[in-house]
Amino acid sequence: MKLQLGQVAVVVADYGEAISFYTEKLGFTLTEDTQLSDTKRWVVVTPPGSACSVLIAKAVTPEQHAAIGNQTGGRVFLFLYTDDIARDFRNFSERGVTFVREPAAAEFGTAAVFKDLYGNLWDLIERH
């Protein structure tokens with residue numbers, strides 16, 4: 001059996017501001033933006049070189065709105081691997097990404113933690 005994670009959904013308040021954050025600040029590619037109805041779109045952004053992408057899902061219910069920025073109860077939500085953490089830490093910082101932990105050595109490599117535009121926490125990791 002072969003399985004592969006294809007997408008993860010991130011609940012957002014606004015499609016446009018989320019697309020801007022992921023493409024302009026993180027350097028992801030907008031790989032799909034399809035209008036499904038008057039209010040719903042299928043919006044996908046993909047990190048460079050990644051097989052897994054992020055589905056940007058606009059909140060519509062009170063429960064979804066409550067989850068914006070806190071999809072995992074304050075724990076790190078997503079893990080973004082890099083081949084050069086110093087380069088990406090510098091580039092992301094210059095583009096206005098907020099880091100809550102600067103790069104530090106760990107057993108598995110070097111990691112830093114940043115917030116997305118709504119406050120979800122991401123690990124930026126350069127593995128050994």
Once you round to the nearest 0.5 Å, how far does [atom1] of [X] lie from [atom2] of [Y]?
{"X": "F28", "Y": "S53", "atom1": "CZ", "atom2": "OG", "value": "10.0 Å"}
{"X": "D14", "Y": "I68", "atom1": "CG", "atom2": "CD1", "value": "9.5 Å"}
{"X": "E107", "Y": "H128", "atom1": "CD", "atom2": "NE2", "value": "8.5 Å"}

State, yes or no, whether a side-chain contact exists between [X] and [Y] at a heavy-atom distance under 4.5 Å.
{"X": "F114", "Y": "T98", "value": "no"}
{"X": "R127", "Y": "Y81", "value": "yes"}
{"X": "W122", "Y": "F79", "value": "no"}
{"X": "R87", "Y": "N91", "value": "yes"}
{"X": "L26", "Y": "P47", "value": "no"}
{"X": "I56", "Y": "Y22", "value": "yes"}
{"X": "V100", "Y": "K115", "value": "yes"}
{"X": "V44", "Y": "Q7", "value": "yes"}

**Request:** Could you go through the side-chain contact (heavy atoms from CB on, under 4.5 Å) check for D88 and L124 one step at a time?
**Result:** CA-CA 8 Å; D88 292 334; L124 178 64; 4.0 Å; yes

**Prompt:** Can you list the steps and then say if F77 with V10 is a side-chain contact (heavy atoms from CB on, under 4.5 Å)?
**Reply:** CA-CA 10 Å; F77 176 43; V10 175; 3.7 Å; yes

Is the side chain of [X] donor-acceptor paired with the backbone N or O of [Y] at a distance under 3.5 Å, no angle test?
{"X": "Q35", "Y": "S37", "value": "yes"}
{"X": "K58", "Y": "Y15", "value": "no"}
{"X": "H65", "Y": "V12", "value": "no"}
{"X": "T23", "Y": "I19", "value": "yes"}
{"X": "N120", "Y": "Q71", "value": "yes"}

**Asked** Going through the checks in order, is the side-chain contact (heavy atoms from CB on, under 4.5 Å) test met by K25 and F92?
**Response** CA-CA 6 Å; K25 298 203 183 279; F92 289 1; over 6 Å; no

**Request:** For side-chain hydrogen bond (donor to acceptor under 3.5 Å, both in side chains), just list the numbers for E17 and Y118, CA-CA rounded to whole Å, side-chain angles, deciding distance to a tenth of an Å, and then say yes or no.
**Result:** CA-CA 10 Å; E17 66 186 14; Y118 297 113; 2.3 Å; yes

**Fill in**
Note: with side-chain heavy atoms under 4.5 Å as the link, the other cluster members for V60 come out as none

**Fill in**
Members sharing L3's hydrophobic cluster, built from side-chain contacts under 4.5 Å between Ile, Leu, Val, Met, Phe, Trp and Tyr, are M1

**Message:** If you compare all heavy atoms of D83 against all heavy atoms of E126, which two are closest, and at what distance to 0.1 Å?
**Reply:**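 Closest heavy-atom pair between D83 and E126: O-OE2, 3.7 Å.
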
**Message:** In this structure, would I125 and L121 fall into the same cluster of hydrophobic residues linked by side-chain contacts under 4.5 Å?
**Reply:** yes

**Message:** I need the single residue from T29, L55, L30 that forms a side chain to side chain contact (heavy atoms under 4.5 Å, CB included) with V45. Which is it?
**Reply:**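 Exactly one candidate clears the test, L30.
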
**Message:** Apply salt bridge (Lys or Arg N to Asp or Glu O under 4.0 Å) to residues R41 and D33 and explain how you reach the verdict.
**Reply:** CA-CA 7 Å; R41 290 160 56 184; D33 187 354; 2.6 Å; yes

